[in-house]
Amino acid sequence: MIKIVTIIGARPQIIKAAAISRCIKNSFKKEIQEVIVHTGQHYDKNMSEVFFSEMEIPKPKYNLGVGSMSHAKQTALMMEKIEEVLIKEKPNLVILYGDTNSTLAGSVAAAKIHIPVVHIEAGLRSFNKSMPEEINRIVCDHTSTLLFSPTPTGIDNLKNEGINLKNKLPYNIDNPGVFHCGDIMFDNAKYYIHKAEKKSSVLKELKLKNNNFLLATIHRDNNTDDPKRLNSIFSAIHKISSKNKLQIVIPLHPRTSKILEKNLKPQLYRSITENPFITIIPPVSFFDMINLEKNSLMIITDSGGVQKEAYFYKRPCIIIRSETEWVEIVKAGAAKICDADENKIINAFNFYKSSNLKSLPSIFGNGKAADFIIEKIIRNFKNV
Ligand code: UD1
Ligand code: UDP
């Protein structure tokens, strides 16, 4: 039996973990035991608990209750608590997702006590080290034993950083295995959409019609914490909705809702909150979110995961960042990088309003990335 400790903490990691846990439960119960550790990085009910129940993710055996604080304090506290758990549980490997502080803490804590790290969503780069996530990804990739990249671009990035793609079994931290596996978020998008369409009543509750509203999410620290950028983004959103009499639904991340009034100019804040076409709501469940995505006219976002889901459901995407790790989506013509530039955002909206995204290339695999990943893990760790 292979024992895995899965470390999660932030919303997108909880969602990603659903794909791997489901795969273990359905096909590999005899070979694998999974222990889930939640760092507590996200803790509001609608940022964490809601996903466990809705997506049937096994309850974490440990919740480290770390909560919100500065980068160094949060990462250090996580590392200390993760190390204690790893020493107690003695897993054969640790699974980590993405690029949050929970990922960074897990990778350093595990690697230093010689527990192999498996990084899912490896190789992604923005080439912008002012993003905390870019530092987290690089450290995690370079402490990993197995690296699973959803895209060929991710594989190229690892190669360019000196990781040998020709390494052979058995893999270890100095001889890591690199695999192109497709995207577990695509596994989830395919698996849950039918359940979501049956169970979610969000469209009805918000009185939204198919293809007749925009969906927006904003949470990157460089957008929320820089008043100039935040004003520019919300000014574009206000103008698009008013001019086109178009509903815009914004499930707002707590980081953004806490700072919105402080960082928006008073007049813009008033215009936004009084605009009958703009609906700001708390974060929604995954079923509500994918139902909103699939039925929207277009998506405006700075989220990595939401960019991809826009592509899965064939919705045009306006990326409010200066670059993206998901360059394939932009190359396919399904998304435009607009930064926090009001004019670029409005122009991208006008462009996509009158265009149709029908035949998009298949970029993110076949919906079976989790099976592929688990099979590779078993091959490497079966004799440990
Ligand atoms: C984190 C990740 C980011 C990811 C995002 C997903 C890092 C460095 N960043 O950013 O990569 O895209 O999660 O959502 O790990 N808060 C609450 N309730 C919660 C969680 C957070 O109110 O349940 C508020 C707190 O005021 C906190 C702020 O949100 O200070 C930011 O939370 P934090 O986890 O530090 O970073 P995110 O912006 O969520
Ligand atoms: N999401 C959700 N409810 C929301 C907003 C996002 O369920 O109100 C989901 C979304 O469908 C995607 C994931 O959260 O699967 C993306 O996470 P987030 O935007 O927080 O982080 P990122 O992907 O940018 O790291």
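It should be emphasised that the depicted structure is a prediction, and the values quoted were computed from it without experimental measurement. Any value given below was found using the heavy atoms of this structure, including those in side chains, with hydrogens, waters and symmetry copies removed. Just so you know, ligand 1 is whichever comes first in the structure, and atom 1 is the first atom listed for that ligand.
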Visitor: Quick one: does Met69 get within less than 4.0 Å of ligand 1, heavy atoms only?
Guide: no
Visitor: Can a salt bridge be assigned to the pair Arg229 and Asp339 using a cut-off of 4.0 Å between side-chain N and carboxylate O?
Guide: yes
Visitor: Could you check whether Arg22 pairs with Asp187 (Lys NZ or Arg NE/NH1/NH2 to Asp/Glu carboxylate O, under 4.0 Å)?
Guide: no
Visitor: Return yes or no for this condition: an N or O of Thr100 is under 3.5 Å from an N or O of ligand 1.
Guide: no
Visitor: Please indicate whether Lys3 has more than 12 foreign heavy atoms, meaning atoms of other residues, nucleotides or ligands, lying under 6.0 Å from its NZ.
Guide: yes
Visitor: Quick one: does NZ or CZ of Lys376 land under 6.0 Å from the six-membered ring centre of Phe148, within 45 degrees of the ring axis?
Guide: no
Visitor: Checking the N or O distance criterion of under 3.5 Å, is ligand 1 in contact with His71?
Guide: no
Visitor: Where does His219 meet ligand 2, judged by heavy-atom distances below 4.0 Å: at the side chain, the backbone, both, or neither?
Guide: side chain
Visitor: I'd like to know whether the aromatic ring centres of His142 and His119 sit less than 6.0 Å apart in this structure.
Guide: no
Visitor: Give yes if a backbone or side-chain nitrogen or oxygen of Gly304 is under 3.5 Å from a nitrogen or oxygen of ligand 2, and no if not.
Guide: yes
Visitor: Give yes if a backbone or side-chain nitrogen or oxygen of Ser102 is under 3.5 Å from a nitrogen or oxygen of ligand 1, and no if not.
Guide: no
Visitor: By number and element, which atoms of ligand 2 are closer than 4.0 Å to a non-hydrogen atom of Met185?
Guide: 15 (O)
Visitor: Enumerate the atoms of ligand 1 whose separation from the nearest heavy atom of Asn101 is less than 4.0 angstrom.
Guide: 7 (C), 8 (C), 15 (O)
Visitor: Which residue holds the protein heavy atom closest to atom 10 (C) of ligand 2, what is that atom called, and what is the gap in Å?
Guide: Glu309 OE1, 3.2 Å
Visitor: With a 4.0 Å cut-off on heavy atoms, is Ser285 in contact with ligand 2?
Guide: yes
Visitor: So, Asn167 side chain and Asn164 main chain: donor-acceptor pair closer than 3.5 Å or not?
Guide: yes
Visitor: Could you say whether the N/O atoms of Ser303 and ligand 2 ever approach to under 3.5 Å?
Guide: yes
Visitor: Would you call Glu54-Lys195 a salt bridge at under 4.0 Å N-O?
Guide: no
Visitor: Just say parallel, tilted or perpendicular for the rings of Phe179 and Tyr171, cut-offs at 30° and 60°.
Guide: perpendicular
Visitor: Could you tell me whether Glu261 atom CD has more than 12 heavy atoms of other residues or ligands within 6.0 Å of it?
Guide: no
Visitor: May I ask you to decide whether Asp141 forms a salt bridge with Arg125, counting only side-chain N to carboxylate O separations under 4.0 Å?
Guide: yes
Visitor: Going by distance only, is there an N or O of His253 that falls short of 3.5 Å from an N or O of ligand 2?
Guide: no
Visitor: Do any nitrogen or oxygen atoms of Asn136 come within less than 3.5 Å of a nitrogen or oxygen of ligand 1?
Guide: no
Visitor: Give the residue and atom name of whichever protein heavy atom lies nearest to atom 1 (N) of ligand 2, and the separation in Å to one decimal.
Guide: Met289 CG, 3.7 Å
Visitor: For Ile290 and ligand 2, answer yes if some heavy atom of the residue is under 4.0 Å from a ligand atom, otherwise no.
Guide: no
Visitor: Looking at atom 32 (O) of ligand 1, what's its closest protein heavy atom, distance included?
Guide: His42 NE2, 4.3 Å
Visitor: Any N/O of Arg11 closer than 3.5 Å to an N/O of ligand 1?
Guide: no
Visitor: Regarding Glu83 and Lys112, does a basic nitrogen lie under 4.0 Å from an acidic carboxylate oxygen?
Guide: no
Visitor: So is Glu293 close enough to ligand 2, meaning a heavy atom under 4.0 angstrom away?
Guide: yes
Visitor: Indicate yes or no: does Lys382 engage Glu31 in a salt bridge with an N to O separation below 4.0 Å.
Guide: no
Visitor: With a 6.0 Å cut-off (strictly less than), is the heavy-atom count around CD of Glu323, excluding the residue itself, greater than 12?
Guide: yes
Visitor: Out of all atoms in ligand 1, which are within 4.0 Å of some heavy atom of Lys258? Include the element for each.
Guide: 17 (C), 22 (O), 24 (C), 25 (C), 26 (O)
Visitor: Look at atom 14 (O) of ligand 2 and say which protein heavy atom is nearest, naming residue and atom and giving the distance to 0.1 Å.
Guide: Ile15 CD1, 3.4 Å
Visitor: So does Met47 get a backbone contact from the side chain of Asp44, meaning a donor-acceptor N/O pair under 3.5 Å?
Guide: no
Visitor: Which heavy atom of the protein is the closest neighbour of atom 23 (O) of ligand 2, given with residue, atom name and distance?
Guide: Gly305 N, 2.8 Å
Visitor: Considering only non-hydrogen protein atoms, determine which one is nearest to atom 24 (O) of ligand 2 and report residue, atom name and distance to 0.1 Å.
Guide: Arg220 NH2, 2.7 Å
Visitor: Checking side-chain hydrogen bond (donor to acceptor under 3.5 Å, both in side chains) between Asn136 and each of Thr103, Asn101, Thr75, which is the one that passes?
Guide: Asn101
Visitor: What protein heavy atom sits nearest atom 6 (C) of ligand 2, and how far away is it?
Guide: Arg11 CZ, 3.6 Å
Visitor: Run the contact test for Gln307 against ligand 2 with a 4.0 Å cut-off on heavy atoms, strictly below, and give the result.
Guide: no
Visitor: What atoms of ligand 2 come within less than 4.0 Å of a heavy atom belonging to Pro251?
Guide: 8 (O)
Visitor: How far is atom 19 (C) of ligand 1 from its nearest protein heavy atom, and which residue and atom name does that atom have?
Guide: Tyr43 CZ, 3.5 Å
Visitor: Under 4.0 Å from any heavy atom of Arg220, which atoms of ligand 1 are there?
Guide: 11 (O), 12 (O)
Visitor: Identify the protein heavy atom lying closest to atom 36 (O) of ligand 1, giving its residue, its atom name and the separation to 0.1 Å.
Guide: Arg255 NH2, 3.8 Å
Visitor: What residue and atom, counting heavy atoms only, is the protein's closest point to atom 3 (N) of ligand 2, and at what distance?
Guide: Val284 O, 2.7 Å
Visitor: In ligand 1, which numbered atoms sit nearer than 4.0 Å to a non-hydrogen atom of Met47?
Guide: 23 (O)
Visitor: Can the ring centres of Phe51 and Phe286 be said to be less than 6.0 Å apart?
Guide: no
Visitor: Does this structure show an ion pair linking Lys308 with Glu325, if we count only N-O contacts that are shorter than 4.0 Å?
Guide: no
Visitor: Answer yes when Arg137 and Glu134 have at least one side-chain N-carboxylate O distance shorter than 4.0 Å, and no when they do not.
Guide: yes
Visitor: Suppose we measure from atom 17 (O) of ligand 2 to each protein heavy atom; which comes out shortest, and what is that distance?
Guide: Pro12 CB, 3.6 Å
Visitor: For ligand 2, which atoms, with element, lie under 4.0 Å from some heavy atom of Pro283?
Guide: 8 (O)
Visitor: Okay, side chain of Gln307, backbone of Ser303: is any donor-acceptor separation there less than 3.5 Å?
Guide: yes
Visitor: Please identify which atoms of ligand 2 are closer than 4.0 Å to at least one heavy atom of Phe51.
Guide: 7 (O)
